[in-house]
A.B. asks: 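Sharing a structure with you now.
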Amino acid sequence: RQNSDLRREVQSQLLGLKSMSDEIDNMRGTETKLRAELEAATTGELSAVHLKRIDRLREHRAKILSDFDDYTRQAEEEKAQLLEELQGFRDAAAKASEELAMVPLIKRECQMQKRRADETAIRTENLVRKLT
């Protein structure tokens with residue numbers, strides 16, 4: 001009888017242990033499932049964070065490209081303006097060069113007029129001397 005009682009008690013304890021073992025297995029399964037869900041959620045959050053970062057980087061890249069296009073356009077406009085100014089300087093230099101080329105002609109003309117004026121002055125003085 002004692003043996004039978006011990007046997008029942010051991011079987012009861014074994015059933016309790018089996019129940020506890022099943023419960024532990026269930027908890028392990030739940031833990032594994034929760035870890036997998038947590039990892040998936042974490043990965044999803046990281047993916048969302050990475051996607052946001054990628055979007056920000058794309059926006060930043062687009063802004064840089066837009067700024068580059070603006071600077072390029074502005075540089076082209078300034079280049080065109082500078083080329084116009086340069087052409088103006090070239091035209092002015094050509095005109096000045098033409099005027100400088102005329103300087104010797106004008107100088108000769110002035111010298112001839114001075115010679116004529118001197119000759120006229122000498123003739124006038126000679127006439128005045130003859131008359132006086």
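All values derive from a computational prediction rather than experimental measurement.
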A.B. asks: For R28, is there any backbone N or O sitting under 3.5 Å from a side-chain donor or acceptor partner on T32?
C.D. replies: yes

A.B. asks: Side chains of L15 and S19, heavy atoms from C-beta outward: is any pair under 4.5 Å?
C.D. replies: no

A.B. asks: Quick one: side chain to side chain donor-acceptor pair (under 3.5 Å) partners of R123, sequence neighbours excluded?
C.D. replies: none

A.B. asks: Is E119 paired with R115 through a side-chain N to carboxylate O contact shorter than 4.0 Å?
C.D. replies: no

A.B. asks: Who pairs with D67 by side chain to side chain donor-acceptor pair (under 3.5 Å), at least two apart in sequence or on another chain?
C.D. replies: K63

A.B. asks: Would you say the side chain of H60 lies within less than 4.5 Å of the side chain of R56, judging by non-hydrogen atoms?
C.D. replies: no

A.B. asks: Do any N or O atoms from the side chain of T124 and from the backbone of T120 form a donor-acceptor pair under 3.5 angstrom?
C.D. replies: yes

A.B. asks: Report, as yes or no, whether the 6.0 Å neighbourhood of atom CE on M20 holds more than 12 heavy atoms from other residues, nucleotides or ligands.
C.D. replies: no

A.B. asks: What distance separates L86 CG from K79 NZ, expressed to the nearest 0.5 Å?
C.D. replies: 12.0 Å

A.B. asks: What's the spacing between I106 CD1 and Q113 CD if we round to 0.5 Å?
C.D. replies: 11.0 Å

A.B. asks: Output the distance between atom CD (E23) and atom CG (N26), rounded to the nearest 0.5 Å.
C.D. replies: 7.5 Å

A.B. asks: Hey, does L105 have a side-chain heavy atom less than 4.5 Å from the side chain of R108?
C.D. replies: yes

A.B. asks: Strictly by modelled atom types, are D70 and Q74 linked by a side-chain donor-acceptor pair under 3.5 Å?
C.D. replies: no

A.B. asks: Applying side chain to side chain donor-acceptor pair (under 3.5 Å), can you list everything that pairs with D69, at least two apart in sequence or on another chain?
C.D. replies: none

A.B. asks: Taking the side chain as every heavy atom from C-beta outward, state whether T30 and L34 have any pair of such atoms under 4.5 Å apart.
C.D. replies: yes

A.B. asks: Distance alone, cut at 3.5 Å: any donor-acceptor contact between the side chains of Q81 and E77?
C.D. replies: no

A.B. asks: Salt-bridge test for D22 and K18: reply yes if a basic N is under 4.0 Å from a carboxylate O, no otherwise.
C.D. replies: yes

A.B. asks: Is there a side-chain contact between S21 and L17, using heavy atoms and a 4.5 Å cut-off?
C.D. replies: no

